[in-house]
Every structure is written in C-alpha cells, then in structure tokens.
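Order of appearance sets the numbers: ligands from 1, and atoms from 1 within every ligand. Residue numbers count from 1 along this sequence. Note that the coordinates shown come from a computational prediction; the quantities given were computed from them, not determined experimentally.
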Amino acid sequence: MKGLRKLAIAGATMCIGMGMSLAAQAEMIIGFSQIGSESGWRTSETASIKAEAEKRGIDLKFSDAQQKQENQIKAVRSFIAQGVDGILLAPVVETGWDQVLKEAKDAGIPVVLIDRGVDADPSLYLTKVASDFVEEGALAGAWLAAKTSGNCDVVELQGTVGSSAAIDRKEGFGNVISNFPNMKILRSQSGDFTRSGGKEVMESFLKAENGGKNICALYAHNDDMALGAVQAIKEAGLEPGKDILIVSIDGVPDIFKAMADGETNASIELNPHLGAPAFDAIKASMDGKEVPKWIKANGPLYLPDTAAEEYKKRSGK
Ligand code: AHR
C-alpha cells in the first residue's frame, strides 16, 4: 500500500520537475465516506470539507453512501485498497464498525470519525471531530423549560434510527426535562433527518393529539424536520412558533428565515466546517504527534432576535 503512495509522490515530483503545475501534487490522499445528502446541514458539511481539501491541495476521494452503512463499509475497504493516507468517516449509525475499522488500523491508515460517533473500541480510530449531541439536546431542553416555566407537553422528531445524533440528542433533552414534573414527551418518532419525513410524522402527531391542541412544543433533532413540521402545522390550521413552539438543531439558513418570520423559536448551531480540524489531525498523526480522542465543535443557541441578520449573513440574501 505504502509503496503505491511512494510511487504517486515520485510521479508528482517528476511532473513538477518537468514544469507541470504544483496543483497536480496532492499533499495527502484522503478518502471521505459521507452519509448522503439528507439535510441542508449535510450538504453544507460536504461542500465545506471539499473546499477545505481543495484549499490544502489534498486529493479527496469522495463517496456518497446514500444513507446505507453497507455502502460506507465498501467505500472504506476501497480506500484501504487504494492506500490512502487517511480516511474521514461520517458513520450513519453507531454500531457495526469494528471489523472495517480494524482493517484500516491493520493497514496503518488513520480513520477520523466526522460529525457522528461509533460504539466501538476507541483505539480503532484516530479521533472524532464532532459536537457533543447530548449537550445540544440538553440545551434545547433547558431553553424549552425556561420558555414554558417547566409546563409543556412535547412531541419529538428523532433523527435516523441508530445514529449517534438521534440517540444522544434524545438523551440530552430527556435528562433535562425529567427534572420538571410538568414536562413530558407525548410522542416521539423518527423523521430520518429529512424535511419530508418531518412533515409526514408531524401530520400523524397532529392527528393523534386532538388536531395539535394537546401539543405545547415540538423538539426536532434537526432543522430540516422542523421545517417540514412547520408546513404540517400550517396545513392543520395552527400557527407554528405560536400555537406550537419549535426548537431544533443545525442552524441552516432556512431556519433563520423561519425564525425571522416567527414560525420557529430556537435553533442550536451545528458547525459544518469539520474539514480543517480533521485534516490537521491526520497530518499531526503522520508527523508522530499526539491527537486528542475527541475534537469538539459545539455551537450556540440562536433566537429570533438575531435571526433576520443571521439569515442575511448565511444566505447572502
Ligand atoms: O449528524 C448530524 C445530523 O445529521 C444533522 O443534525 C442533520 O441535519 C444531519 O442529517
């Protein structure tokens, strides 16, 4: 494997010697197994990582798994066979990674978990570059408890079943509201982190809960599902953001528009710019330096008061 890599470097050096562009020389070859494009946040994250790779002259081998773990496992094996210098893996679900991570480790290729975590022996990967999803859930719960003085019946739109983002965001929120006897989760179901999933599941919540009249608030594990739910709430003849409070996570441009329009009430930002710390970690490990096991990337909670200004900044509109 490493022989192949040396050959590539020798080839690139020859090209430079022959007067070819410096851009043709890749500083590192990195494989990136991305989950898919289920949400606005995911699309921004992909674009940001690709742009960072280009800026650094990294040859990024990108693979879109279309939400399937089996595609991610195939992609990682293909990166190993190509002898890449490092792998970025955004794991769609938490479990089932031990074998393929061991294969990468045995090949001497560092794996950086990007955005989501895995339930596996930490010695099998270099580091995780991600926010603390439990903390995000807790922040959402604390905001809602303060906003409603601890009196609120909530419906919850969960993310992809089995993903660390859904498991931990549920846990963090649940931990906080369990301290308030008059707060409870009426219904909780996955909308798979998509706008259409959020709309569909919210429609069923509204039907089951007296046309929505029993619901004080919606906690959505991402903005896209919240935006789908906004549509469902309007179609049911209620006012999102007023009749039903909405708190979600990501901080995508569209949620700032919705907040500025009074249709949602709070969003916790998830930083999509994870490429720089991930590439730095691989470079550091190639240089024999210590890398922490978790590089955190948490963001703040935004409210409607700054939403119009944030929307302008983020969308350029
Ligand atoms: O893993 C992070 C989550 O995945 C984001 O909140 C969501 O938008 C994405 O699909």
Student: Would you tell me whether Gln67 and Thr160 have side-chain atoms, one donor and one acceptor, within less than 3.5 Å of each other?
Tutor: no
Student: Between Phe256 and Tyr302, what is the ring plane arrangement, given parallel below 30°, perpendicular above 60°, and tilted in between?
Tutor: perpendicular
Student: Taking the side chain as every heavy atom from C-beta outward, state whether Ile49 and Phe279 have any atom pair closer than 4.5 Å.
Tutor: yes
Student: Measure the distances from the heavy atoms of Arg169 to every atom of ligand 1 and state whether one is below 4.0 angstrom.
Tutor: yes
Student: How far is atom 2 (C) of ligand 1 from the closest protein heavy atom, and which atom is that?
Tutor: Asp115 OD1, 3.3 Å
Student: Which ligand 1 atoms are under 4.0 Å away from a heavy-atom of Ser39?
Tutor: 7 (C), 8 (O), 9 (C), 10 (O)
Student: Identify the closest protein heavy atom to atom 10 (O) of ligand 1: which residue and atom is it, and at what distance?
Tutor: Glu38 OE2, 2.4 Å
Student: Which ligand 1 atoms are under 4.0 Å away from a heavy-atom of Arg42?
Tutor: 1 (O), 2 (C), 3 (C), 4 (O), 9 (C), 10 (O)
Student: Tell me yes or no: between the side chains of Thr194 and Asp192, is some donor less than 3.5 Å from an acceptor?
Tutor: no
Student: Among all protein heavy atoms in this structure, tell me which lies nearest to atom 1 (O) of ligand 1, with the distance rounded to 0.1 Å.
Tutor: Arg116 NE, 2.7 Å
Student: State whether Lys102 and Asp106 are salt-bridged, where the test is any N-O pair (Lys NZ or Arg NE/NH1/NH2 against Asp/Glu carboxylate O) under 4.0 Å.
Tutor: yes
Student: Going by heavy atoms, is Leu270 under 4.0 Å from ligand 1?
Tutor: yes
Student: Take Glu203 and Lys207 through the salt bridge (charged side-chain N to carboxylate O under 4.0 Å, His left out) test and state the conclusion after the steps.
Tutor: CA-CA 6 Å; Glu203 281 166 357; Lys207 267 191 205 126; 5.8 Å; no
Student: Would you mind listing which atoms of ligand 1 come within a distance below 4.0 Å of any non-hydrogen atom of Asn222?
Tutor: 6 (O), 7 (C), 8 (O)
Student: For Asp223 and Arg195, run salt bridge (charged side-chain N to carboxylate O under 4.0 Å, His left out): C-alpha distance rounded to whole Å, both residues' side-chain angles, the deciding distance at 0.1 Å, then the answer.
Tutor: CA-CA 8 Å; Asp223 289 344; Arg195 221 174 262 220; over 6 Å; no
Student: Which residue and non-hydrogen atom of the protein lie closest to atom 6 (O) of ligand 1, and at what distance in Å?
Tutor: Asp250 OD1, 2.6 Å
Student: Using a 4.0 Å cut-off to any heavy atom of Ala165, which atoms of ligand 1 qualify?
Tutor: 1 (O)
